[in-house]
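Because only heavy atoms are used, hydrogens play no part in the values below, and waters and symmetry mates are left out as well, while side chains stay in.
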Amino acid sequence: HLSGITVITTFLVDIFSIFGISEIVLVMVSSLSEMFFSFLQMIIADRISRKSSFNISALGVTLATLLFAAIFQKSESCGLQVIESTLLDNILTSKIFLIFCMILYFASYNLGYGPVKFILLSEMFTPKEQETVAGICHTWYWLESFIVVKMFHALLRTFGMFVIFIII
């Protein structure tokens, strides 16, 4: 949750529709990315080490959220040229670049951070212990999701999208 996945998937249309991308495109990019990269993770899970997988995931999620922050900084600056590069300005305002960042984010999350709770449960506990621990783990996961989602609008009003993506 600290990577922002719950907020991004819950408020996907609210967050990114201000850039003029249709709601169906946003939902399809998100859904297909989640599905494709979840399947890819199952295929490559045992071919690369867990540490490498988590490091790649951390790097990708960090890069994607920093790019989101730059995109929102550009959009919140009300057309002012924050950086003295028209090429960079054009890239940050491009819809294709935003979709690329979304795909990078979902790919990175699903290849490392996404399955971590399932990996830890299966490796740390016996099948008998997993019956109880899995319930506790998933209850905690959804409770944390609920809190993060409920806090989002208050954080958005207080800090703005740029700061939220920098913090993630």
Please check if the side chain of [X] supplies one atom and the backbone of [Y] the other of a donor-acceptor pair under 3.5 Å.
{"X": "Thr62", "Y": "Ala58", "result": "yes"}
{"X": "Gln130", "Y": "Phe125", "result": "yes"}
{"X": "Thr65", "Y": "Val61", "result": "yes"}
{"X": "Thr10", "Y": "Val7", "result": "no"}
{"X": "Ser30", "Y": "Leu26", "result": "no"}
{"X": "Thr158", "Y": "Ala154", "result": "yes"}
{"X": "Ser33", "Y": "Ile103", "result": "no"}
{"X": "Ser53", "Y": "Leu111", "result": "yes"}

Quick check: [Y] with [X] (ring centres under 6.0 Å apart)?
{"X": "Phe11", "Y": "Phe152", "answer": "yes"}
{"X": "Tyr141", "Y": "Phe146", "answer": "no"}
{"X": "Phe16", "Y": "Phe68", "answer": "yes"}

Requested in this report: Indicate the ring-plane relationship of Tyr109 and Tyr113, choosing parallel, tilted or perpendicular according to the 30° and 60° boundaries.
Outcome: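 Perpendicular: the ring planes of Tyr109 and Tyr113 meet at over 60°.
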Query raised in the report: Between Glu23 and Leu12, is any pair of side-chain heavy atoms under 4.5 Å apart?
Result: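 A side-chain contact under 4.5 Å is absent here.
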Query raised in the report: How about Asn110 and Phe39: do any of their side-chain heavy atoms sit closer than 4.5 Å?
Result: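 In short, these two side chains do not touch, never coming nearer than 4.5 Å.
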Query raised in the report: Which atoms form the tightest heavy-atom contact between Ser57 and Ser108, and what is the distance?
Result: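 Closest heavy-atom pair between Ser57 and Ser108: OG-O, 2.5 Å.
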Report task. Check step by step if side chain to side chain contact (heavy atoms under 4.5 Å, CB included) holds for Met161 and Ile166. Result -> CA-CA 9 Å; Met161 213 47 101; Ile166 287 291; over 6 Å; no
Report task. Starting from the C-alpha separation in whole Å, work towards a yes-or-no answer on side chain to side chain contact (heavy atoms under 4.5 Å, CB included) for Arg50 and Glu123. Result -> CA-CA 12 Å; Arg50 300 242 193 298; Glu123 291 181 355; 2.7 Å; yes
Query - Residues Phe72, Phe19; criterion ring-ring contact (aromatic ring centres under 6.0 Å, His included); working and verdict - result: CA-CA 10 Å; Phe72 280 105; Phe19 296 104; 5.2 Å; yes
Query raised in the report: Got more than 12 heavy atoms from elsewhere within 6.0 Å of CG, Leu143?
Result: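 Yes, the 6.0 Å shell around CG holds more than 12 heavy atoms from other groups.
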Query raised in the report: Are Phe106 and Leu59 connected in the hydrophobic side-chain network, where two residues link if heavy atoms are under 4.5 Å apart?
Result: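 Different hydrophobic clusters.
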Query raised in the report: Could you go step by step and tell me if Cys137 and Leu121 meet the side chain to side chain contact (heavy atoms under 4.5 Å, CB included) rule?
Result: CA-CA 9 Å; Cys137 179; Leu121 281 174; 4.2 Å; yes
Query - Spacing of Cys101 atom SG and Ile71 atom CD1 [to the nearest 0.5 Å] - result: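 With rounding to 0.5 Å, SG (Cys101) is 4.0 Å from CD1 (Ile71).
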